[in-house]
**Student:** 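Structure provided below as C-alpha cells; questions to follow.
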Number of protein chains: 2
Amino acid sequence: MPIDVYDPAPLEPGTLRVIPIGGLGEIGRNMTSFEIDGKILIVDCGVLFPEEHQPGVDLILPDFSPIRDRLDDILGVVLTHGHEDHIGAVPYLLKLRQDIPLIGSGLTLAFIEAKLKEHRITPYTLQVKEGQKERLGPFNLEFVAVNHSIPDALAVAIKTVAGTVLHTGDFKMDQLPLDHRLTDLREFARLGTEGVDLFLVDSTNADVPGFTPSERLIGPVLEDVIARAPRRVIVASFSSHVHRVQQVLDAAYANDRRVALLGRSMVRNMTIAAELGYLRVPEGVLVDFKKAGSIPDDKIVYMSTGSQGEPMAVLSRMVNMDHQVEVGLGDTVILASSLIPGNENAVYRIIDGLTKLGATVVHKGNAKVHVSGHAAAGELTYCYNILKPKNVLPVHGEYRHLVANAKLAVETGVPDANVILAEDGTVLDLRAGVVRKVGQLDLGYVYVDGSSVGEITDADLKDRRTLAEEGFISIIIVVDASTGKVIVGPEIHAKGFAEDASVFDAVRPKIEAALAEAAQNGVRDTHALQQIVRRTVGRWVNVAFRRRPMIVPLVIEA
Amino acid sequence: MPIDVYDPAPLEPGTLRVIPIGGLGEIGRNMTSFEIDGKILIVDCGVLFPEEHQPGVDLILPDFSPIRDRLDDILGVVLTHGHEDHIGAVPYLLKLRQDIPLIGSGLTLAFIEAKLKEHRITPYTLQVKEGQKERLGPFNLEFVAVNHSIPDALAVAIKTVAGTVLHTGDFKMDQLPLDHRLTDLREFARLGTEGVDLFLVDSTNADVPGFTPSERLIGPVLEDVIARAPRRVIVASFSSHVHRVQQVLDAAYANDRRVALLGRSMVRNMTIAAELGYLRVPEGVLVDFKKAGSIPDDKIVYMSTGSQGEPMAVLSRMVNMDHQVEVGLGDTVILASSLIPGNENAVYRIIDGLTKLGATVVHKGNAKVHVSGHAAAGELTYCYNILKPKNVLPVHGEYRHLVANAKLAVETGVPDANVILAEDGTVLDLRAGVVRKVGQLDLGYVYVDGSSVGEITDADLKDRRTLAEEGFISIIIVVDASTGKVIVGPEIHAKGFAEDASVFDAVRPKIEAALAEAAQNGVRDTHALQQIVRRTVGRWVNVAFRRRPMIVPLVIEA
C-alpha cells in the first residue's frame, strides 16, 4: 500500500515536532527525532536485520534524510539501552558529524563506545542514570529506570514548553528482576500526575496476552539441566544478555562447573559488564577458552553466541565441525533465547545438526529456558492506567503490534482520537496537549552491504531476487561497426539456470533470424538490437521451460 | 555431515527389504519401498516444499533411483491419505510407468485422480477402506482407519513371510473426532497381539509434549468469532482440510451467513468432498463466488486458501488488492491453520497487510482456531503401549523429530537396539523379527523448476544463492584471433551489485595491465585469459567493497 506523502508546514515556535524515523512497521532501526525552536533531540539510532527477501544485505539503517541537513542543530542522541536495534546505527550517524553528544547509562555508553572503537570514533558522551535530570537547550530530560533484557535501560521524559513526552524505550515489568532494578512505576505515576501529553510506548509484545514471566524462573531450570548433564554443556544466548549469562555463571558455579565464554561479542560484552559491576562473576568460575579443553567434560560449561542460527557464529560453526569445541554424544546444548521470527529454518537446522552429532538440545520449545524482554498486553495496561497519558504513539513494532498496542490504550480509557497509528516519517506536532499529524515524509530503507552504505537500491534487490529464483542467461554478439554484420556470437552463457548448455542450440537460430530481420529493416542501434535479442530469448525460455530468468543481452560493435 | 554410503548385499529370498526413500530428515516427500522375493510395494509418494535456501524451486521430489530400474516389479503404490506430501509426486512416478496401480481410500483416490487429470493421466486404481484386506503378490495388506487433518486416512499393515510391518501414515488420536472415525486402536491391539515386527510411525509432533487437542474445540471458537464479526468474514485454511471447512460451513449456517469458496484448489477439493459425502453442506449455505457480492457484508463468509502466505494464493492477492474481494475496515480474517516453520515472515506480512487494510486478524496466536493433525508425544506413548512392536522405525520428520520419537519408543519399553534411526536411502532387511541395516544409498533432492524436473543441481542453487547475496559482474573482452590483441573491451556490466557503473573505471586499467602482462608471457588461450580477468576483478572488488559477487569473465576471439 503506497502511503500518502506530503510535506509538513514550517514548524511554529513553541511547538514540538516528533518524527519517528525508524521502528514503526518493523522490529528494529528504532529512531525518533524531537524538534522545538530550531533544536533537535534524537532518541535511539538502531539497525534492522534483513529478511530473506533482502539477500546479501548486512544491515538496514534508518533513513537519516529528515535530519541530514540539520546536523548542526542536533543537541544530542539519547540511547535508551545497549541493544543493536537501538544503538547499531550510531556509527553511521557520527560519520556525518562526529561530535554529536551521546547520552545514556553506564552500560549503554560502554557498549556503544566499544562499537565505535571498531569504527575508530571516540564519541562525546554524557553518562546519566535513573532519577537524573539534564537540560539540553529547550529540552528538559528526566531519566527513569526500566527493566529489559539488558541491564541499565532507561525511559526518558522530555519536557518542553510545548508539553511533556515520555518515551519508554524497550521495557518489560518484571516484578522480581534479578538485579532488583524495577521499571519505576512510582516515577511513571509522578510523571502521570504532572501530566504526560504524549506517550511513546514499546509495542513489541502488545499482541501477547498476559504477563511476561520473570527472568528469575530461568535460573532453576538452567541449574537443573546442568545438574543432570552427563557431559559438556553449551549454552547459547544473545551476547548482550548480561542477566542470562549471570544465571548461567551461577548455575555452573552451583554445579561445580567452570565457564568458558565463546564468541568475540560475548567475550567483549561480558568483559565490559564485569568491569562495570553489572555481571558478578563467582570466584574462579570463569576460565579462558584455551584452557577449557583440559577441564573434564562434566566440569565445563561453554557460553556462546549463535542462538539464532547465524551462519558465522560459534554454534553454527560447531554444527559444521568448524570449531575447536567438537560437539559429540552426551553433550547438552541449551538455546537460552527467543526464536526471532524469520530465523526458524536456520535454528531448526542447528537443532537437527546438533542432534545428529549426538547432543541433547534444550530449547524454548521443550523447557523454560527463555523469557521475553518486552512487556506483554497485561503489563501495558498497568502502564497506561498508572500514567494516564493524554496522547499515545505506539512505537517499536510491526503494524500489527502497533494496532494491538493502540487497542490496549483505548481499552484503558485513552480517547480513540488521541491514539496515533503512525509510520516511519509521519510528522506529528504537539502543542497545548494536542497532537496533530501535519505531514508524511517518504523514508526508505538504507542498506549496508560490505563497505557500501545506501548504494544498494530496492531495484538491485529485485534483480538479486530474480537472479536467485531464476538465474540468468547472457547473450553476447559482436557486430562489425561499419557493416553491422555479426562477427562473433551469439555466445550464450547461463548461471543458476540449470539446463545443459546444449539447450541453447535451439534458440541460436531464432536469435540469428531475429537479427537478420532487424538488419533488413535497417536497425543498427545496439540498444535496439539488444531489446530484440532479449525479447527473442525471453519468449523462447518462457515457452520451452516455463521460466523467466534474467536475460542479459549485449551487442558490441567492433 | 556426509553420510557413510555403501551398497547393500543382494536381497535373500524370504527377507523383506525396507527403504525409506523420502520423509526421513524432512517434513515432506514421504515415500517408502518394501521389497520381497523380487516384488516391490510403495507406500506414499509425496512432495516436499522448498525452503529459502532453494530459490526458484517449485517442488522437491523423492529420488526415485532405488526403483527407477525396477519399475516393472512394482505391484502398487499405497496412498495413506490425500495430502500433497504423500501424493504430490505420484504424477512424476506415473510418468515413468503409467499403469502402476494406486491403492487408497475413496477421498484419497479422488484427490489424486483430480491431480492426475491435470497431467492428463488416468491411473489404475484400487479403492480400499478400513477393515479391508488385499493380497498383492507376496504382500498381504490390511487397512486400518486413522484420524488426521484430512478425512479417510489409512494406516496399512503389510504381512509377508518375513514378518509384519505396520505403517501409520500421518495420524493423530483425536478421541472425539468430528466424523466419529477414530484411529482404530482396537485394530492396533489386534495386530500387536498377532505380532508387529516393524512399526513405521509418524514423528512430526513427537517433540510436542502432551496431547493434540480435539478438532471439536475449533467449532465453537469459529462460531463465536463469526457471531461477533460486524462485517465480512474471511477464513483461510488448507484447501484439503475438509473438517475445518465443515466447521466453517456449520458456524456460518448457525449465524445465518452464506459461504463462498475462493481459490481453485479449495473449490475443486470441496466439490469432490461434498460429492463423496465427506463434506455435509447445510441446505443453501454455499453460494457461488460471483453471486457473493450481492449478499450483505454481515451475511457472508469467504472460505479461502493462502493461510501460509503463499504469494499466488487468494489471501496474498487480497492484501495486494489484486482480488475481487476488497478487504476493508471492519472485516474479520481468520487464519484457521498452523504456521508451518519457514513461512513466518510471509504470514506476518499477510497479517500486517490485512491489519493496515483495517481488518481484524484472528489467528492461532490469539485464538484457538487451529489444532495440529499429528499425534503428540502423549498419543504416541498410547500407541506404543497398545501395539508393543518388536522394532520401530520413526518416519516423517526432521532428524530431531525422529530422535524424539525414538526416545518415546524406548521409554515405553522397546529395546534401544530395536529402535532404528534411519535416513532417506537407509536399506533395512527384516527377517525372523530382526531388522538389520544392510546398506545406505546416496539419495539426492530432485528439484522441479517450471517444466524441468531434476535438471537443477545443488551447484545451480549455490550459484543462485551467490547471485542473490552478491549479484554478478561480467567482463567481456574480444581479442583478435590472429594477433591476440584486444579489439573490444573490457566491457563491464553488473546486476544486483548496486554500485554505480562508474566504479568500474577503477578496475579497467588493472584488467588491461593484467592482459598486457599475459600477452608478454605468451598466454593466448581464452580460458587462461578468463581466469586472469576473474582473479583481477575478484581481488579488486573484495578489497574495494568487501564483497564477493559472481565474476563472469568472457574472452572471445574474433
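Below, read A as the first sequence line, B as the second, and so on, with proteins coming before strands; counting in each chain starts at 1.
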**Student:** Going by the rule side chain to side chain contact (heavy atoms under 4.5 Å, CB included), which residues pair with B:Ala377 if we only count those two or more places apart in sequence or in a different chain?
**Tutor:**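 B:Ala377 satisfies side chain to side chain contact (heavy atoms under 4.5 Å, CB included) with B:Leu408 once adjacent residues are dropped.
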
**Student:** Distance from B:Tyr399 atom OH to A:Ile351 atom CD1, nearest 0.5 Å?
**Tutor:**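 CD1 of A:Ile351 is found 15.0 Å from OH of B:Tyr399.
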
**Student:** Indicate yes or no for a side-chain donor-acceptor contact from A:Asp352 to the backbone of B:Arg400 under 3.5 Å, with no hydrogens or angles considered.
**Tutor:**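 Side chain of A:Asp352 to backbone of B:Arg400, a donor-acceptor pair under 3.5 Å: yes, one is there.
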
**Student:** How many angstroms lie between CZ in A:Phe472 and CE in B:Met550, if you round to the nearest 0.5 Å?
**Tutor:**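 Here the rounded value is 6.5 Å.
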
**Student:** Side chains of A:Ser452 and B:Arg546: is there a donor and an acceptor less than 3.5 Å apart?
**Tutor:**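 No - no donor-acceptor pair under 3.5 Å links their side chains.
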
**Student:** Evaluate the criterion side chain to side chain contact (heavy atoms under 4.5 Å, CB included) for residue pair A:Ile456 and B:Phe497; output intermediate values, then yes/no.
**Tutor:** CA-CA 7 Å; A:Ile456 297 261; B:Phe497 175 67; over 6 Å; no

**Student:** Is there a side-chain contact between A:Val552 and B:His493 in this structure, where contact means two heavy atoms from C-beta onward sitting under 4.5 Å apart?
**Tutor:**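 Sidechains of B:His493 and A:Val552: no contact.
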
**Student:** Contact part of B:Ala544 toward chain A, heavy-atom cut-off under 4.5 Å: side chain, backbone, both or neither?
**Tutor:**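 Backbone only.
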
**Student:** Taking C-beta and beyond as the side chain, do A:Ile556 and B:Ile476 meet within less than 4.5 Å on heavy atoms?
**Tutor:**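 Yes - at least one pair of side-chain heavy atoms lies under 4.5 Å apart.
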
**Student:** Tell me yes or no: between the side chains of A:Arg349 and B:His53, is some donor less than 3.5 Å from an acceptor?
**Tutor:**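 Checked: A:Arg349/B:His53 side chains pair up, N/O donor to acceptor below 3.5 Å.
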
**Student:** Could you check B:Glu423 against A:Lys356 for salt bridge (Lys or Arg N to Asp or Glu O under 4.0 Å), going step by step and ending with a plain yes or no?
**Tutor:** CA-CA 11 Å; B:Glu423 312 200 43; A:Lys356 278 197 189 177; 3.7 Å; yes

**Student:** Measuring from atom CD1 of A:Ile487 to atom CD1 of B:Ile487, what distance do you get when rounded to the nearest 0.5 angstrom?
**Tutor:**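 If I round to the nearest 0.5 Å, the distance is 7.0 Å.
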
**Student:** Any idea which heavy atoms bring B:Pro55 and A:Ala468 closest together, and the distance?
**Tutor:**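 Scanning both residues, the minimum pair turns out to be CB-O, 3.1 Å.
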
**Student:** Heavy-atom cut-off 4.5 Å, strictly under: side chain, backbone, both or neither for B:Glu469 against chain A?
**Tutor:**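 Its backbone and side chain both get close to chain A.
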
**Student:** Shorter than 4.5 Å, heavy atoms on both sides: which option in A:Gly365, A:Ala404, A:Ala346, A:Gly450 has the most such pairs with chain B?
**Tutor:**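 Counting heavy-atom pairs under 4.5 Å, the top option is A:Gly450.
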
**Student:** Side chain from CB out, backbone as N, CA, C, O: work out which of these in B:Gln54 comes under 4.5 Å of a heavy atom of chain A, or both, or neither.
**Tutor:**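 It is neither, since no heavy atom gets under 4.5 Å.
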
**Student:** Crowded around A:Glu326 CD? As in, over 12 foreign heavy atoms under 6.0 Å?
**Tutor:**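 Counting neighbours around CD of A:Glu326, 12 or fewer heavy atoms of other residues, nucleotides or ligands fall under 6.0 Å, so no.
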
**Student:** Side chain, backbone, both or neither: which part of B:Tyr447 has a non-hydrogen atom closer than 4.5 Å to chain A?
**Tutor:**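 For B:Tyr447, neither part sits under 4.5 Å from chain A.
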
**Student:** Would you indicate whether the side-chain heavy atoms of B:Arg464 and A:Leu467 approach each other to under 4.5 Å?
**Tutor:**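 Answer no - side chains too far apart.
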
**Student:** Side chain, backbone, both or neither: which part of B:Glu398 has an atom under 4.5 Å from a heavy atom of chain A?
**Tutor:**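 For B:Glu398, backbone and side chain are both near chain A.
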
**Student:** Please identify each residue that fulfils side chain to side chain contact (heavy atoms under 4.5 Å, CB included) with B:Arg317, with sequence neighbours left out.
**Tutor:**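 Side chain to side chain contact (heavy atoms under 4.5 Å, CB included) check on B:Arg317 returns B:Asp322, B:His323.
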
**Student:** Side chain, backbone, both or neither: which part of B:Leu554 has a non-hydrogen atom closer than 4.5 Å to chain A?
**Tutor:**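 The side chain, not the backbone.
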
